[in-house]
*Asks:* 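Structure below; questions to follow.
The analysis underlying the following values was restricted to heavy atoms, covering all of them including side chains, and did not include hydrogens, waters or symmetry mates.
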Amino acid sequence: MYYNKGYKAEFPVLDGQGVSLAVLQFPPGSVNPPHYHSRATGLFLLLEGVLEVGFVDTKGVLYTQRLKAGDIFLFPKGLQHYQYNFDIREKQLV
């Protein structure tokens with residue numbers, strides 16, 4: 001997975017808003033393993049391709065979804081989540 005962050009210098013409107021911005025590229029067959037963000041909710045916009053995403057709620061229930069270009073997915077703050085590019089030929093851009 002390739003990761004590019006947006007910083008205050010490039011996006012000054014983000015300063016003090018408690019918001020971050022990143023562009024992610026998922027090479028064919030790659031996975032962003034389960035992890036969580038303790039201070040922020042994640043909002044994913046898939047720009048191209050298809051991507052499997054999922055999170056585990058506080059009762060241990062796994063929710064998954066296959067996103068296509070243009071879909072948005074929300075990862076609740078503090079919950080384990082992952083992203084998986086199941087396409088073995090194409091990279092995906094988030």
Side-chain angles (χ1 to χ4, degrees):
M1 180 177 76
Y2 303 100
Y3 180 74
N4 295 319
K5 286 181 106 174
Y7 293 97
K8 287 189 288 186
E10 291 89 9
F11 300 97
V13 71
L14 297 178
D15 189 25
Q17 300 300 315
V19 172
S20 65
L21 173 68
V23 175
L24 307 173
Q25 291 183 19
F26 290 87
S30 66
V31 64
N32 188 10
H35 63 283
Y36 68 95
H37 306 280
S38 60
R39 299 181 304 172
T41 294
L43 186 63
F44 241 55
L45 168 61
L46 186 62
L47 299 175
E48 57 186 43
V50 262
L51 194 70
E52 179 180 303
V53 298
F55 70 88
V56 179
D57 73 7
T58 57
K59 295 180 181 175
V61 176
L62 173 64
Y63 294 89
T64 64
Q65 184 73 42
R66 284 207 171 172
L67 305 181
K68 61 184 183 315
D71 286 347
I72 295 176
F73 194 84
L74 185 130
F75 296 102
K77 177 170 96 174
L79 297 185
Q80 290 279 331
H81 60 277
Y82 74 93
Q83 300 88 32
Y84 171 54
N85 178 5
F86 55 88
D87 191 324
I88 59 171
R89 295 179 305 275
E90 300 289 331
K91 74 172 194 247
Q92 313 309 331
L93 185 62
V94 179

*Asks:* Measuring only between side-chain heavy atoms, which start at C-beta, is His35 closer than 4.5 Å to His81?
*Replies:* yes
*Asks:* Would you say the side chain of Thr64 lies within less than 4.5 Å of the side chain of Tyr82, judging by non-hydrogen atoms?
*Replies:*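 Yes. Closest side-chain heavy atoms under 4.5 Å.
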*Asks:* How long is the gap from CG on Asn32 to CG on Leu51, to the nearest 0.5 Å?
*Replies:*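 Result: 9.5 Å between the selected atoms.
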*Asks:* I'd like to check Leu46 versus Phe73 (side-chain heavy atoms, cut-off strictly below 4.5 Å). Are they in contact?
*Replies:*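 In short, these two side chains do not touch, never coming nearer than 4.5 Å.
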*Asks:* For the CD atom of Gln65 and the CG atom of Leu74, what is their distance to the nearest 0.5 Å?
*Replies:*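 The CG atom of Leu74 is 13.0 Å from CD of Gln65, to the nearest 0.5 Å.
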*Asks:* Do Asp71 and Phe44 make a side-chain contact, defined as non-hydrogen atoms from C-beta onward lying under 4.5 Å apart?
*Replies:*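 No - every pair of side-chain heavy atoms lies 4.5 Å or more apart.
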*Asks:* Do you know which of Ile72, Val53, Leu45 makes side chain to side chain contact (heavy atoms under 4.5 Å, CB included) with Leu67?
*Replies:* Val53
*Asks:* Quick check: closest heavy atoms across Glu48 and Ala69, and the distance to 0.1 Å?
*Replies:* CA-CB, 3.8 Å
*Asks:* If hydrophobic clusters are built from ILVMFWY residues whose side chains come within less than 4.5 Å, do Leu62 and Val31 share one?
*Replies:* yes
*Asks:* Side-chain contact test, heavy atoms from C-beta onward, threshold under 4.5 Å: evaluate it for Leu79 versus Tyr36 and give yes or no.
*Replies:* no
*Asks:* At what distance, to the nearest 0.5 angstrom, does NZ of Lys77 lie from CZ of Arg39?
*Replies:* 10.0 Å
*Asks:* Do you know which two heavy atoms are closest between Asn85 and Pro27, and how far apart they sit?
*Replies:*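 Taking Asn85 first and Pro27 second, the nearest heavy atoms are ND2-O, 3.1 Å.
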*Asks:* State which residues pass side chain to side chain contact (heavy atoms under 4.5 Å, CB included) with Pro28; sequence neighbours excluded, sorted by chain then number.
*Replies:* Lys91
*Asks:* Going hydrophobic residue to hydrophobic residue with side-chain gaps under 4.5 angstrom, can you get from Phe75 over to Val61?
*Replies:*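 Yes; Val61 is reachable from Phe75 via cluster members.
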